[in-house]
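One structure is given below, encoded as structure tokens.
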Amino acid sequence: MTRLYIAEKPSLGRAIAAVLPRPHKNNTGYIEVGNGDIVTWCIGHLLEQVEPDAYDAKYKKWNMADLPIVPQQWQLSPRKSAKQQLAVVKKLCKQATDVVHAGDPDREGQLLVDEVIDYVKLSQAKKSAMQRLLISDLNPAAVKRALGQLRSNRDFIPLSVSALARSRADWLYGMNMTRAYTLLGQKGGYRGVLSVGRVQTPILGLVTRRDDEIANFIPKPFYELFALIPYQDMVIRAKWQPSEACLPWQDEDGRVLNRKLCENVINRIKGQPAEVTTAERKETRQAPPLPYSLSALQIDAAKRYGMSAADVLATCQSLYEKHKVITYPRSDSRYLPVDHYRQAGEVSQAIANTDPKLASAVTGANLSLKSKAWNDKKVDAHHAIIPTPKAVNPASLSANEQKIYQQIARQYLMQFYPAAVYSEAKLEFTIAGGLFIARGRQLMSLGWRQLLGRDDSKEADSDLADKVPPLDKGTVLLCQDGEIKDKMTEPPKAFTEATLLQAMTGIARFVSDQSLKKILRDTDGLGTEATRAGILDILFKRQLLLRQGKSIHATDAGRGLIYALPDEATYPDMTAHWEHQLQDMADKKCAYQPFMAALEAQVHRLMTQVQTSEVPRSLLSLTSPEPFKGKKGRYSKKGGSAKSSGTGRKTAAKTGTTKRTRKPRSAD
């Protein structure tokens, strides 16, 4: 009896083999272990969606009249670079009596191995008996634990169906919309690919609309009014809270736009009694931030080090696969299994050895403390990214690896530090019938904040009594005068890598349809932990977005595309609809067929709109991309070429031909 483990990638395969009986025999594409079991692996996706011309040769040339392209029988083909490994897996599947699925613990990881199992035509009996191995930590102890917790792969069929629907839907939508709008652009003289995708285009829309807000912004003056109330040897500054009667002189954010109104209020309150109507003093506790998900880590690394999302993900993959010093990095969770709490001592010691700069933080940690991070109910296939019990020589890590490891380790250690403690005070005064509020906040105990590595001394040293003295309700003082602060409204800030990632994870606030906000709050937002970095990278490579210092802006071509598209393609609402149905599919509440039928109808409607319309004005007179050579997916002198949205393959917009290239994990 031979058991075959199929891992998602070689590093995972080697980690599984390392805890299985010895001796080991290394072969091409697989490892045979001591008890006769075999470990093999995929190398990412072994299969990819075929190009349109595989369905019909006429699709090799891009033609508006041929749209929409809707496959009747979906086909996959072996990736050129993966044919040899696919043959290895196919041969081993026939020989094995027992198969274990060891894809990454997510939607795409589930599909990646399942589609290979289907392609090699594994017998129905073996497929029914197939087990699922879920590994999120490559260290031997964790892998051994996972091997003792195998589940039936049938439990994960809905997850695979959901991933399959996502993959085909992205192909169908992206392939047709990209061809349609690239052809429109060609009519207007643009020589480049105008790619459209379910996720990438709403991101481009987000940046375009922000750029427009900044460009069209007209600053306006507004005013803040403070009552000046002497008390002992200080002056309390209490801010005026305008009543409803003042609404005609305020903007939508409640700012007062009329200076004369403020001057009238000063005349009314000057020399009048100021009675304390509310007096509050309380101590508040701020719990440590949770350990990192990938997006949270990317956001913090962008702020702290200016690292791109793609660089952070690549560094995490190296720390996970090469050094084995962090757990599975493509995680969307910020919680940990309770079982992991037992490893706190080993993990902390590994941190001290791997990053000596954190040795004092390890010494100061109280391992008897247990933050809210340990919560089995909030952990599914993934848990938060944390250090493993493995230590390495600090010199073996690159500069970026040291930075990211330190970020992850510091966030983990915070779970063993007490809350930061603040003293807060508020005084409400009634003066001549108006409401005025004085507030103050003082950091009393640093707690976990001492690990931030930033200077908190100013906040710690500020004396709350200097701002808000301890007064009793009913105390009456005298308002000596008023003070007006003249201010100007400011334009919104341009997106940076950090704020754009924040916007993608918190996309609900940018949705135009109010009913969809909750759906996006309950899902990952725009894109997934694993795809966001790649999607941003694609938009830069296709010259639809550009960087100016830390700021991110849409190019002329990017803006032109957004102005040309229907609103439904440029807002995240469609993604909310999709994600809601895909999650329902994974939860067995929704079927594959109705989802795809509705999408096909939508694509037919969109293609009809494009085919019957003139070239949009925004696509006329665009400057074509600069011809340059270099990395994959960039333009060459022979004509604009870029990876086609929805498939991840190169398309030569000038000639209308397609050239095959490697397919990414997800093409959103």
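All values below come from the heavy atoms of this structure, side chains included, with hydrogens, waters and symmetry mates left out. Quick caveat, the model's predicted, so the values are computed rather than measured. Positions are given from 1, in the same order as the sequence printed here.
- When all heavy atoms of A569 and P202 are compared, the closest pair comes out as O-CD, 3.8 Å.
- Listed for the Q583 side chain is no donor-acceptor partner under 3.5 Å among the backbone atoms of H580.
- V207 and I552 get closest at one heavy-atom pair: CG1-O, 3.7 Å.
- Looking at T489, its side chain does come within 3.5 Å of a backbone N or O of K220 through a donor-acceptor pair.
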M307 and I404: CA distance, side-chain angles, deciding distance, side chain to side chain contact (heavy atoms under 4.5 Å, CB included) verdict | CA-CA 10 Å; M307 288 178 70; I404 295 304; 3.8 Å; yes
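- Not one N or O on the side chain of T496 forms a donor-acceptor pair closer than 3.5 Å with the backbone of K550.
- The shortest side-chain heavy-atom distance between M414 and R410 falls under the 4.5 Å cut-off.
- Atom OH of Y563 is separated from atom OG1 of T208 by 6.5 Å, given to the nearest 0.5 angstrom.
- Between the side chains of E568 and Q602, at least one donor N or O lies within less than 3.5 Å of an accepting N or O.
- With hydrogens and angles left out, the side-chain atoms of S295 and R532 include a donor and acceptor closer than 3.5 Å.
- The backbone N or O of V196 sits less than 3.5 Å from a side-chain atom of T178, completing a donor-acceptor pair.
- Under the 3.5 Å distance criterion, the side-chain polar atoms of D253 are left unmatched by any main-chain donor or acceptor of R255.
- A distance of 5.0 Å separates SG in C246 from CG in L261, rounded to the nearest 0.5 Å.
- Closest heavy-atom contact between G440 and V468: N-CG2, 3.4 Å.
- Counting all heavy atoms, side chain and backbone alike, C316 lies closest to L294 at SG-CD1, 4.5 Å.
- Residues P291 and R334 share a closest heavy-atom pair of O-NE, 2.9 Å.
- The backbone N or O of V421 lies less than 3.5 Å from no partner atom in the side chain of R285, so there is not a single donor-acceptor pair.
- Side-chain atoms of W448 come within 3.5 Å of backbone N or O of Q286 as a donor-acceptor pair.
- Here CZ of F226 is found 14.0 Å from CG of D481. Values are rounded to the nearest 0.5 Å.
- At least one donor-acceptor pair closer than 3.5 Å links the side chain of D211 to the backbone N or O of A554.
- Within the 4.5 Å cutoff, the side chain of R330 has heavy atoms near those of the L313 side chain.
- With hydrogens and angles ignored, the 3.5 Å screen pairs no side-chain donor or acceptor of Q480 with any backbone N or O of L478.
- Within the 4.5 Å cutoff, the side chain of M488 has heavy atoms near those of the P221 side chain.
- In this structure, D212 does not pair ionically with R559, as no charged nitrogen and carboxylate oxygen lie closer than 4.0 Å.
- Side-chain contact between P492 and I214: present, with at least one pair of heavy atoms (C-beta onward) separated by less than 4.5 Å.
- Atom CZ of R605 has more than 12 heavy atoms from other residues, nucleotides or ligands within 6.0 Å.
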Side chain to side chain contact (heavy atoms under 4.5 Å, CB included) evaluation trace for E263 with R259 = CA-CA 6 Å; E263 291 169 353; R259 199 177 202 281; 2.9 Å; yes
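- The two residues A227 and I269 make their nearest non-hydrogen contact at CB-CD1, 4.0 Å.
- One finds a salt bridge joining E579 and R198 here, because a Lys/Arg side-chain nitrogen approaches an Asp/Glu carboxylate oxygen to under 4.0 Å.
- Distance check, rounded to the nearest 0.5 Å: CG of L452 to CG of L446 gives 8.5 Å.
- Atom CD1 of I484 sits about 8.5 Å away from atom OH of Y223, to the nearest 0.5 Å.
- When side chains are defined from C-beta on, L184 does not count as touching L194, because their heavy atoms never get closer than 4.5 Å.
- Residues V265 and F436 have side chains in contact (heavy-atom distance under 4.5 Å, counting atoms from C-beta outward).
- L225 places none of its side-chain heavy atoms less than 4.5 Å from the side chain of V256.
- Judged by distance alone, the side chain of T182 and the main-chain N or O of R179 form no donor-acceptor pair under 3.5 Å.
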Carefully, step by step, assess Y231 and L471 under the rule side chain to side chain contact (heavy atoms under 4.5 Å, CB included).
-> CA-CA 10 Å; Y231 174 71; L471 298 176; 3.5 Å; yes
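- Judged by the 6.0 Å and 45° rule, R210 forms a cation-pi pair with F495.
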Decide side chain to side chain contact (heavy atoms under 4.5 Å, CB included) for V312 and Y305; before the verdict, give the C-alpha distance in whole Å, the side-chain angles of both, and the deciding distance to 0.1 Å.
-> CA-CA 10 Å; V312 174; Y305 304 118; over 6 Å; no
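- For K426 and E428, the salt-bridge test passes: some basic side-chain N is under 4.0 Å from an acidic carboxylate O.
- The side chain to side chain donor-acceptor pair (under 3.5 Å) test with E497 is passed by exactly one of Q502, R547, Q298: R547.
- For the pair T201 and I562, the minimum side-chain heavy-atom distance is below 4.5 Å.
- Here the CG atom belonging to L620 is positioned 14.0 Å from the OH atom belonging to Y190, to the nearest 0.5 angstrom.
- No option in L536, L545, L539 other than L539 meets the side-chain contact (heavy atoms from CB on, under 4.5 Å) test with Q200.
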